[in-house]
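Take a look at the structure set out below.
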Number of protein chains: 2
Amino acid sequence: MPVTIRDVARASGVHISTVSRTFSAPHLVNPETRVRVLACAEDLGYRPNRAARALITGRTHNIGLIIADIANPFFPPLIKAAESQARHRDYHVFVADTNEDAAAEEELVHALAKQVDGVLLCSPRMSNSLIEQLSREVPLVVVNRQLAGLPCVLMDVGQGARSAIEHLAGLGHREIALLGGPRGSWTSREIRRAAGAAARTAGAELTVLGPNPPTEHGGLAQAEQVRRAGVSAVLAYNDLMAIGLLEGLDALGVAVPQEVSVVGVDDISLSRLTRPKLTTVATPTAAAGRTAVDMLLQHDTDLPRTGRAGGAGTTVGVRRTTAQVMLQTELVIRDSTGPGPYAGRERPGATAEGPGPHRRADPGGPRVAAGDVVAS
Amino acid sequence: MPVTIRDVARASGVHISTVSRTFSAPHLVNPETRVRVLACAEDLGYRPNRAARALITGRTHNIGLIIADIANPFFPPLIKAAESQARHRDYHVFVADTNEDAAAEEELVHALAKQVDGVLLCSPRMSNSLIEQLSREVPLVVVNRQLAGLPCVLMDVGQGARSAIEHLAGLGHREIALLGGPRGSWTSREIRRAAGAAARTAGAELTVLGPNPPTEHGGLAQAEQVRRAGVSAVLAYNDLMAIGLLEGLDALGVAVPQEVSVVGVDDISLSRLTRPKLTTVATPTAAAGRTAVDMLLQHDTDLPRTGRAGGAGTTVGVRRTTAQVMLQTELVIRDSTGPGPYAGRERPGATAEGPGPHRRADPGGPRVAAGDVVAS
DNA sequence: TACTTCGCTGCAAAGGTTTGCAGAGAGATC
DNA sequence: GATCTCTCTGCAAACCTTTGCAGCGAAGTA
């Protein structure tokens, strides 16, 4: 039933190799022959079998995209950007969801390994050593995790968290809670580290609550704790948790931002739709998706090939592109943050508005600066 | 570099066919030999090349999932359910996003065709005839579209729309607007048809606005039109549009539900987080994902194989599983609907509460009934 | 002992494609 | 007219598996 290269060859009276070349190296075949072959192929509805092609070329023209949780609105912009970027380079993207499960991640990398030319690992939950081990099986680009010796795309959430804490301190908050993210998250550690340092500098006290699942429910479940902690401001690991917290506080009758200020991270589109609108640290997710694809495909020719073209012993040293890209974040101030109990009074250290890239939100949504290679 | 079956054979001193059988038919090989081979394979880090296997067996153990828009929160539950169901049957799911673009859909089906055993086509935007044509290339299950002769998973949005209109009419609304969905959407047509009929029965007038992009912005952009239309209630194609409309009305100073009632469709998790909370028609998305996978894999053995095992001429008649499943929907009443201008006055036809499956929302979220094969 | 049965293993073809190499013509150059 | 160059095409091996068939030795049966 499925029409193969052989059928086309028979129909157009040429050898299969000529048909093959008609598609993969058209300049090598006589224009007349070419049109004839193409006509026959069209007629018969022939489509090259990419799997068979991959078997010999070692190139599938697919890339895998492993995502911690598709339901998290943080990811779709990244996915779409990656897909669009890949499409331009004639690659297809296969997305897979791991449900925040480290074991599922490993399993998926293995399953994808032979079917794609490389894998984008987004917000991985597994251990560094496992990632390194897997990177020997298939080219990997890691997003939202820093690993020496592996290409990484990072977002400067440290700077973002710092800006957020400075913003809160500037508003007169001295007791601040941090809603931590999931275990195994590099971003969560980064935020915690930077927020802790910024709080110390600003003379504020930071209470860490967590780890928590990075979902609305994770935030909602901590509302009671937040109230009990007696803080006047909260920085959440991500917008989803911040939104859940908004809900939870509302249910407890706690007014935001009058009684408690809330800051999220990510600037998902939803954060403009809550009441109050969420103050948040915008992360350049689309840029991250594009960049990750670029880094993976950067050296098309460097990608390992199983086919005989890349002769054994030619390049024994495995590809080790260690470029790491850090993308900038930006604090977007909306309505969920307001004056704290110490507003107006003098505070130890720090000015009212820190040096971070703050911005009062404009209606059109944030324009996020991106770029900045920090190492390579 | 990549270790093949041959390396394992060499290392364990057996023929490659024995190694192959160790993995794909363990009962055929001597236990002693088996452990030796497995040990060598483990040692060398051997992983069967699924692509090569697929070349001969005709089975990739992958299924493709084509989605109109990953950013639409309607889809993630469906994706996750499909993935989980597939995993249980030792299948992997490759998700791809089409950006609501019919051309991208076709392109993706072609790209996936030879790399998966079947494709789930969710909310397709392309024409029926094209879908039928593509279904000859690869087994297809269609979600959210009815096509004779193809397996379909449908949600009874007609019933949902009817319930919504009856609910609104029961509250005393007689001028109702319908925010249509995207062109090419079966669901949109279905809603429009059923809502029109229900409005006629209830003695209400239905104004159709659209088609619109099925996004927040699509709803937001229609806020002005809604106000100008002078209606007291709106049924939107989906929750995202309803939420956008909520925003738009808020910006125009129109109070919901005091001045205008709003009903959405889908019951995405977000609809519980808006202010006011959204009244909506819950659709069984997870059930749809599970069902679609089941239908595709139902007859593992029926799937066409390119390998020689399925000899030519044995089953010439292509598989034509025409089972169609209709899943039930349910109206979930929250806070975005309230009494209309004719509340309390007598209305032509219909009782205050129609016969549809209405339910006052409970905090735990909806339990949706599913099932009901309507044809096969 | 001769024969069958059974469990295990090896052989080789097949699946659809790519690609290095060689060969066949045609045209150009001297 | 001989030689060279160049363009195009065919040949066949290779990629990594699976699987029908056949063979081999051991155990069981008569």
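In what follows, chains carry the letters A, B, and so on, assigned in the order in which the sequence lines appear, proteins first and then strands, with residues in each chain numbered from 1.
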Starting at CZ of A:Arg6 and ending at C1' of C:dG16, how long is that distance when rounded to a whole Å? 7 Å
Relative to the 5' end of DNA chain C, which residue comes earlier, A:Asn49 or B:Ser17, by the nucleotide with the nearest heavy atom? B:Ser17
Evaluate A:Asn62 against A:Gln115 for side-chain hydrogen bond (donor to acceptor under 3.5 Å, both in side chains), listing each step before the verdict. CA-CA 7 Å; A:Asn62 294 140; A:Gln115 319 193 45; over 6 Å; no
For A:Asn30 and D:dT9, give me the distance from atom CG to atom P, rounded to whole Å. 5 Å
At under 4.0 Å between heavy atoms, what does B:Thr18 touch on the DNA or RNA strands: base, sugar-phosphate, or nothing? sugar-phosphate
When the distance from CD1 of A:Ile5 to C1' of D:dA14 is rounded to whole Å, what number comes out? 15 Å
Once you apply a heavy-atom cut-off of 4.0 Å, does B:Arg47 come out as touching a base, just sugar-phosphate, or nothing? sugar-phosphate
Could you state the NZ-P distance from A:Lys114 to D:dC16, rounded to the nearest angstrom? 9 Å
side-chain contact (heavy atoms from CB on, under 4.5 Å) evaluation trace for B:Met126 with B:Ile131: CA-CA 7 Å; B:Met126 55 184 159; B:Ile131 294 178; 3.8 Å; yes
Quick check for you: among D:dG20, D:dT17, D:dC11, whose closest atom lies nearest to any side-chain atom of B:Thr4? D:dT17
Any base atoms under 4.0 Å from A:Tyr46, or only sugar-phosphate, or nothing? Heavy atoms, all strands. sugar-phosphate
Closest-nucleotide 5' rank along DNA chain C - winner of A:Val19 and B:Arg36: B:Arg36
Between atom CG in B:Asp7 and atom P in D:dC15, what is the gap in whole Å? 11 Å
Rounded off to whole Å, could you give me the NE2-to-P distance for the B:His15 and D:dA22 pair? 17 Å
Distance in angstrom units between B:Leu28 CG and C:dT9 C1', rounded: 11 Å
Determine the contact category for A:Arg21: base if any of its heavy atoms lies under 4.0 Å from a base atom, sugar-phosphate if only primed atoms, P, OP1 or OP2 are that close, otherwise nothing. base
Between A:Leu120 and A:Leu296, the two heavy atoms sitting closest are CD1-CD2, 3.5 Å
Proximity to the side chain of A:Ile16 - top-ranked nucleotide from C:dT17, C:dT9, D:dG10: C:dT17
In whole angstroms, the gap separating P of C:dA14 from CG of B:Leu55 amounts to 14 Å
Taking the side chain as C-beta and beyond, is there a heavy-atom pair between A:Phe94 and A:Ile63 under 4.5 Å? no
Does the B:Arg125 side chain pair with the main chain of B:Glu100, one donor and one acceptor, at a distance under 3.5 Å? no
Quick one: which of C:dC8, C:dT9, D:dT18 gets closest to the side chain of B:Pro31? C:dC8
